[in-house]
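These notes concern the structure reproduced below.
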Amino acid sequence: MEAPFDITALMVLTVMAGISAQVLGKYLRVPGIVFLLLLGILVGRDGLGLVIPEQLGDGLEAIVSLFVALILFEGGLNLDLRSLSKMSDSLRNLVTIGTVIALVGGAIAAHFLGEFPWNLAFLYSALVVVTGPTVIGPLLKQVRVDRQVATLLEGEGVLIDPVGAITAVLVLDVVLNGDTDLVKLISGLLIRLGIGAAIGGSGGWVLSWFLRKADFLDENLKILVVLAGVWDLYGIAQYLQDESGLMTAVVAGIVLSSTATPQLRQLRRFQGQLTILAVSVLFILLAADLSLASILGLGWGGLLTVLALMLVVRPVNIWVCTWNSSLNWRQKLFVSWIGPKGIVSASVASLFAILLAQEGISGGDTVKAMVFLTIIMTVFIQGLTAQVVANLLGVTATNAKGAVIVGSNPLARLIARLFQDQDESVVLIDTSAEAVKEALEENLQAFLSNAMDVEVLEEAGLDSMGTFLAMTKNGEVNFVLAQRAYEEFEPPRVLAVLPKDAQSLNSTPNNVQPALTFDLPLKVWNQYVSEGEVKLVETVLENIGFTYQQTYLQALIDSGKVVPLLRERQNQLQVVRAGEPWQPEDRIICLIHDPKPKLLKRLSGSGTTTTARLTLEKIPTVKEVPMPSPS
C-alpha cells in the first residue's frame, strides 16, 4: 500500500499547492501562474522534494493530455465568435504566417545566440510557437484589457495550440528520422488538423443535439455528459491520428458555443472551474520536475535567446500579421508584449526529452530546459508587467466605451442619444413594446425583452460595453438587474437608479453603484422630459474657484433642481455616479427643470418638446445655475 499512498499524497500536495498559488495570486493581484511556477519549483525535486512527478509513471502523460484537452475545450467554448469575426484576418495570419515567422525567428535566435545545432534549434522553436490559453486566459482575467485586444489574444492562444503542437511533432519526426520532405510535413500537418476538426465538429454537434433532446436529464448531469463526451472525442481523435486530439477539443468547444446549446452559461462556468484546477495541477507537476541546474547551465546564450523572442520575433510577428487590421499602434504594441508560453510547451517538451533520450540523441534535456526558461521568463516578466503596460498604453477595459441601458423611458433615451452623439454604441432593453417603439423612432437600438435573461444581455453586447445602467421605475428591480449583469459579465461600470434605502440592498462601491443622484424621482423627471420642461446644459468645472463651484453644484443637485447625467473626464464619457467627487476640468452634462420652454411652446401654439428635439447648450458655465467665483 506504500506506493498508492505516495501517489495519493503527491496528488493531494499538488492540488493544495496549486490552489494556494491561485489564492495568493488573487490576494496580491498578481497573475496566479507566477506563484504556480514558484510553488512548483519549491515543492519539486530541486526544492523540498515533496512532489516527485516521476512517481506517476505513464500516468503523468495521461493526466497532462486529458487536462490540456479540457483547457483547450474551455478556450473554444469561450471564444467570442462575433468579436472574433472582426479580427478574423489578423487571427488567420497569426495561425498561418505567424507560425512560420515564430518558427524561423525562434530557430535563428536559438542557433546564433543559444548555440543550438539547427535541428535542436528548430525543435525548440516549434515548442515555443504556441502561447496557450493556460496562460493567456488567467492573465486576461487579472488584467482587464479592451475587447479587441482580449479577443485576438484569446483566439490566438486557443487556435495556435493544436497547430503548434502538431508542428512540433513533425519537427521531432525530422530530428529522429532525418526526413525533410516539405510536402510530407505540410500534408501531415493538414491531415492532423483536418481529422481533429472533423471529429470535433461532428462530435460537438452531436453533443449539442443530445443536450437539446435529453429533457430527462438535470442540468448537473448534462454538464458531466459534456465532460465525458469531450474526453471521448479526444480519445477517438488520438487513436486515429496522434496529436489530432487537441484540434478536436478546440473545435468541439467552438461548435457547442455557436449552437443553441441549453445551459451554455452554466457549462462555461463549470468548465472554467475545471480549467482553474487543471492549470493549477499541471503547472505544479511540470514545474516540480524541473532541473534548476540545467536551466542555469544555459548561461547568457539562453537568456539572450528568450529576450530575442520577446523583443524581436514576437513584435515582428504581430506587426506583420496585423498590418491591415483595425488595431491602433497602442493595441498592437500591447499584443506584441504579451506572448507567454504555457502548458502545451511544457508538456510536449517533457515528452520530447524522454523520446530523444530513448533514441540516443543528446540535447533533449537542454531543449526542455530552454523551453522552461522561456516559460519562466515570459510568465514572470510579461505577467508581472502586463497591468502596467496596459495602463501606460491605455488599452484597459476601463477605457471601454458604449452602454447597455435597461429601461426605455424618456430620460434613458436622452442618455442613450448623448452616448450615440459621441459615436458610442448604446443598446436599450425594455419589456414595453410602446417604449421600444419610441426608442426605434429616435433611431436608437432597442430590444423588446427581459434584461434578466443573460442571453439577451449577451446579444446586446454587454461583454464588450463599458457601462451597464439599470433605470426602470422599480429601484429594487434595478439593483437585481445590475447585480446579475455584474456577476455574469463584470463590465467596468455597473450603475442603477436605486431607491432611497439602497444601503439595505448591500450594494458595494466595487459592485453596483447608484446612478445620477440618490433617491432620484425618475417618474417626475421623465414627465419633465416628455413635456419639455427641461433644459439640457453643460458646464466645465474650472481650476480657479473649483471648491466653490463643486460645493454649489452639489447643493443644487441635492436640492433636486439639477440632475447630472454624464461626466466627461480625460476624453471619456461616463454616466454620473451619485455622490461621486468632481475634479477640475470635468465636463458635466446636466438637466435643469425649466418650465419656460413648455410655456413658450403653448403660447406660440406649438406642440410639446420631445427628447428627440432636446439639444445640448454648450456654454462655459450654466447661466441658469450660476457658479460662484472665489471672490
Side-chain angles (χ1 to χ4, degrees), residues 17-44 46-47 71 106 109 128 130-146 149-150 152-154 156-157 275-276 279-280 282-284 286-288 290 292 295-296 298 300 302-315 317-318 330-346 369-399 490 492:
I19 300 303
S20 298
Q22 297 282 10
V23 172
L24 193 58
K26 282 290 184 182
Y27 179 74
L28 298 177
R29 296 185 178 180
V30 173
I33 297 166
V34 172
F35 294 104
L36 286 171
L37 284 172
L38 287 175
L39 286 181
I41 295 172
L42 178 64
V43 300
D46 280 4
I71 292 167
V128 296
V130 301
T131 53
T134 58
V135 185
I136 293 294
L139 186 61
L140 293 179
K141 289 178 182 178
Q142 194 78 32
V143 183
R144 299 286 301 279
V145 295
D146 69 56
V149 171
L152 185 59
L153 286 172
E154 288 170 349
E156 179 195 18
T275 297
I276 293 175
V279 169
S280 303
L282 291 181
F283 262 106
I284 294 294
L286 295 178
L290 185 61
L292 294 180
I295 292 180
L296 295 175
L298 295 172
W300 286 103
L303 186 67
L304 292 175
T305 299
V306 180
L307 289 176
L309 285 179
M310 295 170 58
L311 302 177
V312 180
V313 177
R314 175 69 176 176
N317 188 357
I318 296 302
R330 290 184 178 86
Q331 293 169 318
K332 292 179 181 180
L333 193 57
F334 181 79
V335 176
S336 299
W337 178 241
I338 302 300
K341 313 306 174 184
I343 286 298
V344 172
S345 294
M370 192 68 195
V371 169
F372 270 92
L373 177 63
T374 306
I375 294 173
I376 291 172
M377 288 184 63
T378 54
V379 166
F380 272 73
I381 297 175
Q382 296 173 348
L384 292 175
T385 61
Q387 186 68 69
V388 176
V389 174
N391 292 337
L392 289 174
L393 295 175
V395 297
T396 58
T398 54
N399 296 323
E490 294 188 12

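Bear in mind that the values here come from a model prediction, so they are computed numbers and not experimental data.
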Self-check item: Full working for side-chain contact (heavy atoms from CB on, under 4.5 Å) between Ile318 and Leu333
Solution: CA-CA 8 Å; Ile318 296 302; Leu333 193 57; over 6 Å; no
Exercise. Kindly compute the distance separating CG (Asn317) from CG (Leu309), expressed to the nearest 0.5 Å.
Key: 10.5 Å
Self-check item: Leu286 CG to Leu282 CG distance, which is reported to the nearest 0.5 Å
Solution: 6.0 Å
Quiz prompt | salt bridge (Lys or Arg N to Asp or Glu O under 4.0 Å): pairs with one or both residues in residues 18-27, sequence neighbours excluded | solution = none
Quiz item: Does some side-chain heavy atom of Val145 sit less than 4.5 Å from a side-chain heavy atom of Gln331?
Solution: no
Quiz item: For Met377, which of Leu373, Thr374, Val379, Ile375 qualifies under side chain to side chain contact (heavy atoms under 4.5 Å, CB included)?
Solution: Leu373
Self-check item: Rounded distance [0.5 Å steps], CG in Leu42 versus CD1 in Ile284
Solution: 9.0 Å
Quiz item: Nearest 0.5 Å, what's the CZ-OG distance between Arg314 and Ser336?
Solution: 7.0 Å
Exercise. Report yes if the side chains of Phe283 and Leu39 come closer than 4.5 Å at any heavy-atom pair, otherwise no.
Key: no
Exercise. Test side-chain contact (heavy atoms from CB on, under 4.5 Å) on Phe35 and Val23 and set out the steps.
Key: CA-CA 9 Å; Phe35 294 104; Val23 172; over 6 Å; no
Quiz prompt | CD1 on Ile41 to CG on Asp46, rounded to 0.5 Å | solution = 8.5 Å
Quiz item: How many angstroms lie between atom CH2 of Trp337 and atom CG of Leu393, to the nearest 0.5 angstrom?
Solution: 11.5 Å
Quiz prompt | Trp300/Thr305 under side-chain contact (heavy atoms from CB on, under 4.5 Å): CA gap, chis, key distance, verdict | solution = CA-CA 8 Å; Trp300 286 103; Thr305 299; over 6 Å; no
Exercise. Just do the side-chain contact (heavy atoms from CB on, under 4.5 Å) check on Lys341 and Val371 with the steps written out, would you?
Key: CA-CA 9 Å; Lys341 313 306 174 184; Val371 169; over 6 Å; no
Practice problem: Provide the closest heavy-atom pair for Leu37 versus Ile376 in the form atom of the first, atom of the second, distance. | Solution: CD1-CA, 4.1 Å
Quiz prompt | Nearest non-hydrogen partners of Gln382 and Gly339, listed with the distance | solution = OE1-N, 3.0 Å
